[in-house]
Amino acid sequence: SWSCGMELMRRWQSVPAFGLIESEDQTGEDTEDEVLSELKKRQAELKALVAHNRSAKQRLHKLAKEEIRKQELRQKAKVIDNEVMDCFRKIMAARQKKRTPTKKERDAALKALKEREAITKLLDS
């Protein structure tokens, strides 16, 4: 009876060797292989996502820098528009008084107009 039980145990332990049932060790290894495979798959997906995000970040950074540059130019254009209007008012005031604008007034108006034109070209580019 005791020897019969030992024989039965020995035979039961040899069953996995024939591939009829999986041993606990093999099942554990398969599970580890599946987990490792899934981890590698997710890692590859994350690497692709990181690369995509890096590229998008660089593109957005470039766009943001360009937008900041344009905002600065628009601000300069407002200041120069005020200068042009100021020069225009001075010239109109001189004409209402029946006198010709001074060279200083004309030069200031031309300078402001040229600056305005240069900024407008930069904004359009």
Side-chain angles (χ1 to χ4, degrees):
S1 72
W2 187 77
S3 64
C4 183
M6 286 298 289
E7 180 66 22
L8 188 57
M9 285 290 285
R10 191 173 48 79
R11 285 187 185 197
W12 181 252
Q13 288 174 347
S14 68
V15 170
F18 292 112
L20 299 175
I21 62 171
E22 291 184 0
S23 73
E24 291 177 17
D25 291 340
Q26 288 175 332
T27 305
E29 286 178 17
D30 289 346
T31 303
E32 287 178 20
D33 287 346
E34 286 178 36
V35 170
L36 182 60
S37 175
E38 192 66 23
L39 283 173
K40 287 182 179 180
K41 181 180 172 184
R42 297 297 177 221
Q43 186 179 29
E45 290 173 0
L46 284 172
K47 283 182 182 179
L49 188 59
V50 165
H52 172 76
N53 287 347
R54 184 178 293 123
S55 174
K57 182 177 126 184
Q58 288 171 344
R59 183 177 45 80
L60 289 172
H61 185 260
K62 182 178 175 184
L63 289 171
K65 282 175 58 177
E66 181 61 24
E67 184 58 30
I68 288 170
R69 185 186 73 82
K70 285 188 176 188
Q71 284 178 1
E72 289 170 351
L73 287 173
R74 283 191 285 271
Q75 186 61 35
K76 284 182 183 179
K78 284 181 183 180
V79 170
I80 290 176
D81 282 346
N82 288 335
E83 287 179 27
V84 168
M85 289 305 295
D86 189 45
C87 291
F88 177 75
R89 281 189 214 99
K90 287 178 182 177
I91 290 173
M92 292 308 292
R95 287 192 177 162
Q96 283 179 348
K97 294 178 184 177
K98 308 263 190 218
R99 71 169 177 85
T100 59
T102 65
K103 179 169 175 21
K104 184 179 176 183
E105 290 171 332
R106 288 192 314 265
D107 289 347
L110 283 174
K111 180 183 176 211
L113 286 171
K114 284 181 181 179
E115 285 179 26
R116 175 72 169 97
E117 186 178 324
I119 288 177
T120 301
K121 283 181 182 177
L122 287 173
L123 281 170
D124 292 341
S125 64

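Position 1 is the first residue of the sequence; numbering continues from there.
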Query raised in the report: Shared ILVMFWY cluster between L123 and I80, side chains joined below 4.5 angstrom?
Result: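 Yes, same cluster.
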Query - Over all atoms of both residues, closest heavy-atom pair of R106 and P101 - result: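 In terms of heavy atoms, the two residues are closest at NH1-O, 2.7 Å.
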**Report entry** Nearest heavy-atom neighbours spanning S125 and K70
**Finding:**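 Nearest pair, atom of S125 first, then K70: O-NZ, 3.9 Å.
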Query raised in the report: Would one find more than 12 heavy atoms of other residues, nucleotides or ligands at under 6.0 Å from atom CZ of R74?
Result: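 Yes, enclosed.
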**Report entry** Residues that R99 engages under salt bridge (Lys or Arg N to Asp or Glu O under 4.0 Å), provided they are two or more places apart
**Finding:**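 Salt bridge (Lys or Arg N to Asp or Glu O under 4.0 Å) check on R99 returns E105.
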Query - Evaluation steps, side chain to side chain contact (heavy atoms under 4.5 Å, CB included), between E117 and K121 - result: CA-CA 6 Å; E117 186 178 324; K121 283 181 182 177; 3.7 Å; yes
Report task. Compare all side-chain heavy atoms of E72 with those of I68 and state whether any distance is below 4.5 angstrom. Result ->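 Answer yes - side chains close enough.
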Query raised in the report: Can you check whether K111 reaches E115 side chain to side chain, under 4.5 Å on heavy atoms?
Result: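 Yes, close enough: below the 4.5 Å cut-off.
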Distance-only criterion, 3.5 Å: show the donor-acceptor pairs between side-chain atoms of residues 47-54 and protein atoms not counting sequence neighbours.
none

How long is the span from the [atom1] atom in [X] to the [atom2] atom in [Y], to the nearest 0.5 Å?
X   : Y    : atom1 : atom2 : value
S37 : R42  : OG    : CZ    : 10.0 Å
R69 : L122 : CZ    : CG    : 6.0 Å
K78 : I119 : NZ    : CD1   : 12.5 Å
E66 : Q71  : CD    : CD    : 11.0 Å
E32 : L39  : CD    : CG    : 11.5 Å
D81 : T120 : CG    : OG1   : 7.5 Å

Query raised in the report: Using a distance-only test with no angle check, is there a side-chain donor-acceptor pair under 3.5 angstrom linking S55 and R59?
Result: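 S55 vs R59: no donor-acceptor pair found between side chains.
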